[in-house]
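Everything on this sheet refers to the single structure shown next.
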Amino acid sequence: MNFRNLSDLNQTILRGIHMIPRDFDLIVGVPRSGMLPANLLALYLNLPYTDLHSFINGHIYKAGERGQYFDIKQFKKVLVVDDSVSSGSAMKKCKASLADLESQFDLKYAAIYVLPGKQNTVDYSFETVGIPRYFQWNIFNHSTLDKACFDIDGVLCVDPTPEQNDDGPKYKEFLLNATPLYIPKAKIGALVTSRLEKYREETEIWLKNHGVKYDKLIMLDLPNAKARQKANNHGGHKANTYKDSYYNLFFESELHQAIEINRITQKPVFCTQNFQMIFDSQSLAYNIKSGKYFPFLRKAALKVRDTIRG
């Protein structure tokens, strides 16, 4: 498990910024994840920047202005930036989209994080990071969310206030109209919540209204909030589902529960309270599966998977 947050991204750029020549005229970010590191590099190098599609159409961003046309004579050497390279296919598509401009610009390519062995896909790379890996800035759009578990309150929507949490009419009103927080576009493997089973209908209505796609909704089968408080087993309830070997990440809102879920399952938990990955307890099975231990086994398994899919 390799996790990088916004602070890590900033520090990685600052550590490696010396490798970027100072004769670039323009920074171009690859939408969407590449825009953040591109912006940081442009700020530190005091250069104008734009996104890939705007660059192709002759637009750049200027201080206090947006969408200004540029004179092609102004810029010659251009650095195209993405946040990461994994297989290299996205970078190939990026280069292909700029092929017609190669005669007009000296184009160079950079990625902040690259998979081991993929350094030669770009001109500049800042850090080598293996998989599985997650980045704070796009974790809610990760391709493996179908193998993830999500808490609901504090993750998909805000937590109820003490006044709303009356296990009655006010709570039902909250369930139907809770303000959304982090809604992934991809399908989620399992929603695992300490909400009571008797509120399944209201919960499902809210999920449908906000376009949340999921395979399972697992709730707490207790008669009322008093029984839930007496059981006081929120972390254990969520860990029971997450222990299934199918799931590889849990999204939890409360830090103490995240720590408890990680302790029980020895699998990573992303905590939305501080946007940190909790992975202090690590199982041998998970580390073998993820490739941290015996990476050749993971590579062999991926090859078999790709062969079957092919």
Flag, side chain of [X] to backbone of [Y], donor-acceptor distance under 3.5 Å:
| X | Y | value |
| --- | --- | --- |
| D106 | K76 | no |
| K118 | S87 | yes |
| D51 | H53 | yes |
| N138 | N141 | no |
| D123 | Y109 | yes |
| E260 | A258 | no |
| T265 | A239 | no |
| D8 | N5 | yes |
| R228 | S194 | yes |
| H237 | G235 | no |

Does [X] reach the side chain of [Y], with side-chain heavy atoms less than 4.5 Å apart?
| X | Y | answer |
| --- | --- | --- |
| F174 | N177 | no |
| P180 | H210 | yes |
| S125 | T128 | no |
| K216 | L191 | no |
| L249 | V269 | no |
| F105 | F75 | yes |
| N274 | L255 | yes |
| S97 | L52 | yes |

Are R195 and E202 close enough for a salt bridge, meaning some N to O gap below 4.0 Å?
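E202 and R195: not salt-bridged.
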
Any salt bridge linking R200 with E204? Criterion: basic side-chain nitrogen under 4.0 Å from a carboxylate oxygen.
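Yes, this pair counts.
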
Worked verdict on E102 versus K95 for salt bridge (charged side-chain N to carboxylate O under 4.0 Å, His left out)
CA-CA 9 Å; E102 290 179 351; K95 291 179 179 180; over 6 Å; no

Give the cluster check for [X] versus [Y]: same hydrophobic cluster or not, with ILVMFWY residues linked at side-chain heavy-atom distances below 4.5 Å.
| X | Y | value |
| --- | --- | --- |
| L101 | V28 | yes |
| V158 | L176 | no |
| I205 | I218 | no |
| L43 | F55 | no |
| L6 | F126 | yes |

Point-to-point distance, once rounded to the nearest 0.5 Å, from [atom1] of [X] to [atom2] of [Y]:
| X | Y | atom1 | atom2 | answer |
| --- | --- | --- | --- | --- |
| I278 | H256 | CD1 | NE2 | 12.5 Å |
| L36 | F135 | CG | CZ | 11.5 Å |
| E254 | D159 | CD | CG | 6.5 Å |
| Q273 | Q257 | CD | CD | 10.0 Å |
| I188 | D215 | CD1 | CG | 10.0 Å |
| L14 | N10 | CG | CG | 4.5 Å |

How close do [X] and [Y] get, heavy atom to heavy atom, and via which atoms?
| X | Y | result |
| --- | --- | --- |
| S33 | P37 | O-CD, 3.2 Å |
| W206 | L156 | CH2-O, 3.5 Å |
| W137 | D83 | NE1-OD2, 2.9 Å |
| P116 | G130 | CD-CA, 3.8 Å |
| D280 | N262 | N-OD1, 3.1 Å |
| C94 | V80 | SG-CG1, 3.8 Å |

Would I60 and S54 count as a side chain to side chain contact (heavy atoms under 4.5 Å, CB included) if you check the C-alpha gap in whole Å, the side-chain angles of each, and the deciding distance to 0.1 Å?
CA-CA 7 Å; I60 65 167; S54 295; over 6 Å; no

Determine whether the aromatic ring centres of residues Y134 and F3 are separated by less than 6.0 angstrom.
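No, the ring centres sit 6.0 Å or more apart.
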
Have a look at F270 and tell me which of F275, F279, F250 forms a ring-ring contact (aromatic ring centres under 6.0 Å, His included) with it.
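Single pass found, and it is F275.
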
Steps toward side chain to side chain contact (heavy atoms under 4.5 Å, CB included) verdict (I131, N2):
CA-CA 7 Å; I131 53 176; N2 295 294; over 6 Å; no

Report the C-alpha separation of L45 and F24 in whole Å, then their side-chain angles, then the decisive distance to 0.1 Å, and conclude whether the side chain to side chain contact (heavy atoms under 4.5 Å, CB included) test is met.
CA-CA 9 Å; L45 297 174; F24 280 105; 5.9 Å; no

Is the charged tip of K267 near the ring of Y242: under 6.0 Å from the six-membered ring centre and within 45° of its axis?
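Satisfied, under 6.0 Å and within 45°.
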
Tell me every residue that passes side-chain hydrogen bond (donor to acceptor under 3.5 Å, both in side chains) with E201, counting only those two or more places apart in sequence or in another chain.
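Result, side-chain hydrogen bond (donor to acceptor under 3.5 Å, both in side chains) vs E201: none returned.
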
In terms of ring plane angle, is the pair F251 and F150 parallel, tilted or perpendicular, where the classes change at 30° and 60°?
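F251 vs F150 ring planes: parallel.
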
Evaluate the ring planes of F140 and Y182, with Trp represented by its six-membered ring, and classify them as parallel (under 30°), tilted (30 to 60°) or perpendicular (over 60°).
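It falls in the parallel class, under 30°.
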
So does [X] have more than 12 non-hydrogen atoms from other groups sitting under 6.0 Å from [atom1]?
| X | atom1 | value |
| --- | --- | --- |
| K92 | NZ | no |
| K172 | NZ | no |
| N46 | CG | no |
| D100 | CG | no |
| R32 | CZ | no |
| K77 | NZ | yes |

Step by step, would you call E173 with Q164 a side chain to side chain contact (heavy atoms under 4.5 Å, CB included)?
CA-CA 8 Å; E173 178 71 15; Q164 291 171 319; over 6 Å; no

Taking atom types as modelled and ignoring hydrogens, do the side chains of D167 and Y199 form a donor-acceptor contact shorter than 3.5 angstrom?
yes

